[in-house]
Amino acid sequence: MSALTITSPIAEQNRSPKTTGKAAVVLITDQNYFLPTFATALSADTHTGSGTPICLFVVNAEQAWLQQFAAAVCGTKISISAANIPQLAELSRFHRDVVPPIALARLWIGSLLEEDIGRFLYIDGDTMVDDELDSLLAISPPEYGLMAVPDFMRIYIDELSWSKRRDIDHLRGLGCKPTAYFNSGVIYASKNAWNSIASSAIGFLREHPERCVASDQSALNHAARGNVDFLPLRYNYQSEYMMALDPRELGIKPTIWHFVGAPKPWDVSDWPWGEYFNKFYRQAELRLRNCDVTLPVPPKAQIAAGLSHRERSRFRMKWLYPWRRYTRRRKILSLLSQ
């Protein structure tokens, strides 16, 4: 594993030399998406040292429901707690993305953490940690900003396409440059910085929902613009990247895989996400076999649309725009090496 390097537009004096409080890995979900999120928590638990708590919050969960997981978390660093966020329902009225509005809950993470937690690594529930996180958690995040990975838009925004104008208009409405737009599925930040950024993002989402086509991700990009340190791509390797390059072919194993879009590997174990990416999901199923847990079942139309998109992309890169496979791979390798 190469040393951790960071691409940063933030002035060095704005970086806190030492963030007080310990680091935690944080996930937040509702009861419907608990199983895959618990699988992600298991993967994080496997790849962090003994001193790092894994905090899994479940929105609006009853204490009686939470108590059933005592055996499931035995032997791990995972804690499962209720997250009561009364403001979530009101903000959901401004949600415009296709993903469920529960994604907005991450904006209140700072208020859920214990006082001794000074910084946190937030990860989505459709990810899998596959390598150690301790080298990242050992460093201090920016004092006023956050750390994240470029969104997959980065590898195609300069290509000629029907959607390019729409993407450019989206970024312009957020005040972001294509090279500065990040994916919100993996974020490392101090609690104080996050509280400030999230508050600004909430205000922007309320005032300009039409600009937030990716909901909280759009709002966070607006709120954090100019204050983002970019992590290497291996900390959030998304589906569109995987469709252009499986880095394991080159001996590179990302730290965090991100199953963006549909289907997830537990829905359909097929290209680009094979059965390998279900290993922690299968562990979660086994640990939760005696628990009252809902299995997330996406709409068939969503699965069909996702499969169609992936096959269409593969066909285009092979037959219509074969050079894109090479240009995108080159961009991905550059981002992986940063």
Side-chain angles (χ1 to χ4, degrees), residues 27-43 58-59 92 95-106 123-130 151-153 155-156 161-163 166-167 183-186 213-218 236-246 248 254 256-286 288-289 291-321 324-325 328:
L27 307 95
I28 190 162
T29 184
D30 57 10
Q31 291 181 218
N32 181 62
Y33 214 69
F34 180 83
L35 175 54
T37 305
F38 182 68
T40 300
L42 287 174
S43 72
V58 186
V59 175
S92 296
H95 183 72
R96 298 291 185 271
D97 200 0
V98 295
V99 301
I102 187 64
L104 299 172
R106 78 189 83 184
I123 50 179
D124 271 353
D126 61 345
T127 62
M128 185 183 84
V129 182
D130 208 20
D151 188 71
F152 58 81
M153 185 189 297
I155 63 170
Y156 65 70
S161 68
W162 293 107
S163 63
R166 180 189 61 202
D167 292 335
N183 182 274
S184 62
V186 177
V213 296
S215 196
D216 58 310
Q217 178 168 294
S218 297
N236 185 349
Y237 204 76
Q238 301 147 51
S239 299
E240 297 286 339
Y241 293 132
M242 188 65 164
M243 288 159 60
L245 172 67
D246 184 341
R248 296 173 300 177
I256 301 176
W257 305 94
H258 190 178
F259 315 127
V260 176
K264 311 300 183 185
W266 50 86
D267 297 323
V268 178
S269 180
D270 198 2
W271 182 85
W273 304 117
E275 184 59 28
Y276 172 83
F277 300 99
N278 281 325
K279 56 184 179 180
F280 289 101
Y281 189 88
R282 301 306 175 211
Q283 289 183 28
E285 286 182 314
L286 185 61
L288 300 175
R289 63 187 181 279
C291 298
D292 176 22
V293 175
T294 301
L295 298 178
V297 180
K300 291 182 179 180
Q302 186 181 47
I303 295 292
L307 289 172
S308 177
H309 165 71
R310 292 177 182 180
E311 286 304 316
R312 185 167 58 250
S313 296
R314 180 155 60 173
F315 176 83
R316 287 176 175 175
M317 280 194 287
K318 183 175 182 180
W319 301 107
L320 299 182
Y321 315 109
R324 286 186 178 175
R325 181 182 180 193
R328 291 185 181 185

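Heavy-atom basis, side chains included; hydrogens, waters and symmetry copies ignored.
Here the straight-line distance linking atom CE of M317 with atom CZ of R324 works out to 9.0 Å at 0.5 Å rounding. The CD1 atom of I102 sits 6.5 Å away from the CD1 atom of I28 when rounded to the nearest 0.5 Å. Atoms CZ and CZ, from F277 and F259 in turn, are 6.5 Å apart once rounded to the nearest 0.5 Å. Of the inter-residue distances, the one linking N236 atom CG with F152 atom CZ reads 10.5 Å to the nearest 0.5 angstrom. Between E285 atom CD and N278 atom CG the span is 8.0 Å, to the nearest 0.5 Å. The structure places OG1 of T37 at 11.0 Å from CG of L42, a figure rounded to the nearest 0.5 Å.
With hydrogens and angles disregarded, no donor-acceptor distance shorter than 3.5 Å links the side chain of R316 to the backbone of S313. A donor-acceptor distance shorter than 3.5 angstrom exists from the side chain of Q217 to the backbone of S184, with no hydrogens or angles considered. Between the side chain of Y241 and the backbone N or O of R328 there is no donor-acceptor pair closer than 3.5 Å. When atom types are taken as modelled, the side chain of S43 and the backbone of M128 share no donor-acceptor pair closer than 3.5 angstrom. Judged purely by atom type and a 3.5 angstrom limit, D30 has no side-chain atom pairing as donor or acceptor with the backbone of V59. Checking side-chain atoms of T40 against main-chain N and O of T127 turns up a donor-acceptor pair under 3.5 Å. Between the side chain of R310 and the main chain of L307, no donor-acceptor pair closer than 3.5 Å is present. In terms of modelled atom types and a separation under 3.5 Å, the side chain of D216 and the main chain of L104 share no donor-acceptor contact.
A39 and Y281 get closest at one heavy-atom pair: CB-CA, 3.6 Å. Summarising the geometry of S239 relative to W273, their closest heavy-atom pair is OG-NE1, 3.0 Å, with the distance given to 0.1 Å. Shown here for P272 and M243, the closest heavy-atom pair between the two residues is CG-CG, 3.9 Å. Nearest heavy-atom pair across G274 and P265 is O-CB, 4.2 Å. Annotation for K264 and D126: closest pair NZ-OD2, 2.7 Å, computed over non-hydrogen atoms. Taking both residues in full, the closest heavy atoms of L27 and D124 are given as CD2-O, 4.3 Å, listed atom of the first, atom of the second, then distance.
If you check the side chains of H309 and E240, you find a donor sitting under 3.5 Å from an acceptor.
The ring-ring contact (aromatic ring centres under 6.0 Å, His included) search around F38 returns F34, not counting sequence neighbours. Here Y276 pairs with nothing under the ring-ring contact (aromatic ring centres under 6.0 Å, His included) rule; sequence neighbours left out. For V213, the side chain to side chain contact (heavy atoms under 4.5 Å, CB included) partners two or more places apart in sequence, or in a different chain, are H170, S218.
At a threshold of 4.5 Å between non-hydrogen side-chain atoms, the residues L286 and R289 count as touching. Y237 is listed as a side-chain neighbour of L245, based on a closest heavy-atom distance under 4.5 Å. Contact of the M242 side chain with the W257 side chain is registered, since non-hydrogen atoms from C-beta on lie closer than 4.5 Å. Two residues are said to be in side-chain contact when any heavy atoms from C-beta on lie closer than 4.5 Å; P298 and D267 meet this criterion.
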Exercise for the section: Would you sort out whether L35 and W266 count as a side-chain contact (heavy atoms from CB on, under 4.5 Å), showing the intermediate values? Expected result: CA-CA 11 Å; L35 175 54; W266 50 86; over 6 Å; no
